[in-house]
There are 2 protein chains.
Amino acid sequence: MVTMMDKTEILKALSNPLRVEFLEWMRQPEENFSSQAHPLEMGICAQQFERRCGLSQSTVSGHLATLEKAGLVSTTKVGQWTFYHRNEDAIRDFIETLKTSL
Amino acid sequence: MVTMMDKTEILKALSNPLRVEFLEWMRQPEENFSSQAHPLEMGICAQQFERRCGLSQSTVSGHLATLEKAGLVSTTKVGQWTFYHRNEDAIRDFIETLKTSL
DNA sequence: TCACCATATCGGCTACATCCGATATGTAGA
DNA sequence: TCTACATATCGGATGTAGCCGATATGGTGA
């Protein structure tokens, strides 16, 4: 279930094309990211986004935090790494909400 | 059909909650707007949005222009009025695009 | 403990978004 | 033509977004 506040926050998160790309890249990790120490199924670690988009570490970290605050991705911390993965339920609910309310 | 640029522009347009409300209000004109000189089926004239949200004429005009540039609404000019109506095809295509790409 | 690595956060800069009042444009009717 | 009205556009003030380098935080392994 997506509340009205959630919806606004999600739409703000998606208003930046780079953040949308982040989400899209995560749909097909094998095609968009190089191999990493841990299996891609655990999620994608922050570095991978940095390499892929070429922006600074702090900028990428900020974008990922925005996606997480909006509930579109979740994180798994393993040691010094933070693995990001799509929150498929939230994404589906959001689109469903748009479909019925927009 | 929604291109990638369209998608970005639409998402930017939807990143403002007031603009989202404008679109939602237009789904049920009878419930959200008072009667106007011309029938609501022609579209909603700009004044109605002003009254409903309480912001200034110039601000509302700007928001409506943003929605139109994004292709989410179209306008019909009749005399001194501009009637806004939802572009249902564009809205549907956009949501469908999100569903398959996001 | 110490050096290294991954990530998060901070401070500062620049660009864009949002709001307003004032003004321009264009239509309608006396 | 003159006035009133609806809308669009302009200019300026303020807030937010996005970017960076520098630094803080916290795990890893020698």
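- Put simply, CG on A:Leu67 is 14 Å from C1' on D:dA17, counting in whole angstrom units.
- Taking all atoms of both residues into account, the shortest heavy-atom contact from B:Ala90 to B:Gly71 is CB-O, 3.3 Å.
- Taken residue by residue, residues 40-49 of chain A places heavy atoms nearer than 4.0 Å to DNA chain C at A:Cys45, A:Ala46, A:Gln47.
- The aromatic rings of A:Trp25 and A:Phe33 stand perpendicular to each other, their planes meeting at an angle above 60°, with 30° marking the opposite boundary.
- Among the protein residues, B:Ser61 comes within range of the nucleic acid bases, having at least one heavy atom under 4.0 Å from a base atom.
- Of the side-chain N and O atoms in A:Ser58, none sit less than 4.0 angstrom from OP1 or OP2 of C:dA8.
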What are the atom names and distances for every N/O pair under 3.5 Å that joins the protein to nucleotides 28-30 of chain D?
none

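- Here the CZ atom belonging to B:Phe22 is positioned 13.0 Å from the CG atom belonging to B:Leu14, to the nearest 0.5 angstrom.
- Rounded to an integer number of Å, the gap from A:Leu18 CG to D:dG18 C1' is 10 Å.
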So which protein N/O to nucleotides 13-18 of chain C N/O distances come out below 3.5 Å?
{"unit_1": "C:dT18", "atom_1": "OP1", "unit_2": "B:Asn16", "atom_2": "ND2", "d": "2.9"}
{"unit_1": "C:dT18", "atom_1": "OP2", "unit_2": "B:Arg19", "atom_2": "NH1", "d": "3.0"}
{"unit_1": "C:dT18", "atom_1": "OP2", "unit_2": "B:Arg19", "atom_2": "NH2", "d": "3.4"}

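- Below the 3.5 angstrom threshold, one finds no donor paired with an acceptor across the side chain of A:Ser56 and the base of D:dG21.
- For A:Leu40 against A:Ser34, the heavy-atom pair with the smallest separation is CD2-O, 4.3 Å.
- Here the CG-CD1 distance, from A:Leu72 to A:Ile10, works out to 5.0 Å after rounding to the nearest 0.5 Å.
- Rounded to whole angstrom, the span from the CG atom of A:Leu11 across to the P atom of D:dT16 amounts to 19 Å.
- Between the C1' atom of C:dT25 and the CD atom of B:Gln57 lies a distance of 12 Å, rounded to the nearest Å.
- Across all their heavy atoms, B:Gly43 and B:Phe83 have their closest contact at O-CD2, 3.4 Å.
- Shortest non-hydrogen contact noted between A:Glu68 and A:Thr75 is OE2-OG1, 3.1 Å.
- Panel note: side chain B:Arg86, backbone B:Arg27; no donor-acceptor pair is recorded below 3.5 Å.
- One interatomic measurement links the two molecules: OH of B:Tyr84 to P of D:dA6, which rounds to 14 Å at whole-angstrom precision.
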Name every donor-acceptor pair, under 3.5 Å, that has one atom in a side chain of residues 91-99 of chain A and the other anywhere in the protein, sequence neighbours excluded.
{"unit_1": "A:Arg92", "atom_1": "NH2", "unit_2": "A:Asp89", "atom_2": "OD1", "d": "3.3"}
{"unit_1": "A:Asp93", "atom_1": "OD2", "unit_2": "A:Met1", "atom_2": "N", "d": "2.9"}
{"unit_1": "A:Thr97", "atom_1": "OG1", "unit_2": "A:Asp93", "atom_2": "O", "d": "2.9"}

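- The shortest heavy-atom contact between A:Pro17 and B:Lys12 is CD-NZ, 4.5 Å.
- Ion pairing of A:Glu24 with B:Lys7 is present here, as a side-chain N (NZ or NE/NH1/NH2) and a carboxylate O approach within less than 4.0 Å.
- Of all the residues in residues 23-31 of chain A, not one reaches under 4.0 Å from DNA chain C with any non-hydrogen atom.
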Do any side-chain atoms of residues 58-65 of chain A form donor-acceptor pairs under 3.5 angstrom with protein atoms, and if so which ones, sequence neighbours left out?
{"unit_1": "A:Ser58", "atom_1": "OG", "unit_2": "A:Ser56", "atom_2": "OG", "d": "3.3"}
{"unit_1": "A:Thr59", "atom_1": "OG1", "unit_2": "A:Ser56", "atom_2": "OG", "d": "2.9"}
{"unit_1": "A:His63", "atom_1": "ND1", "unit_2": "A:Arg19", "atom_2": "NH1", "d": "3.1"}

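- Regarding A:Glu50, its CD atom lies at a distance of 7 Å from the P atom of C:dT7, rounded to whole Å.
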(request) Start with the C-alpha distance between A:Leu67 and A:Leu23, add both sets of side-chain angles, then the distance that settles side chain to side chain contact (heavy atoms under 4.5 Å, CB included), and finish with yes or no. (result) CA-CA 9 Å; A:Leu67 288 173; A:Leu23 284 173; 4.1 Å; yes

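- Of all heavy-atom pairs spanning B:Met26 and B:Ile44, the tightest one is CG-CG1, 4.1 Å.
- Following rounding to the nearest Å, A:Lys69 (NZ) and D:dA17 (C1') show an atom-to-atom distance of 12 Å.
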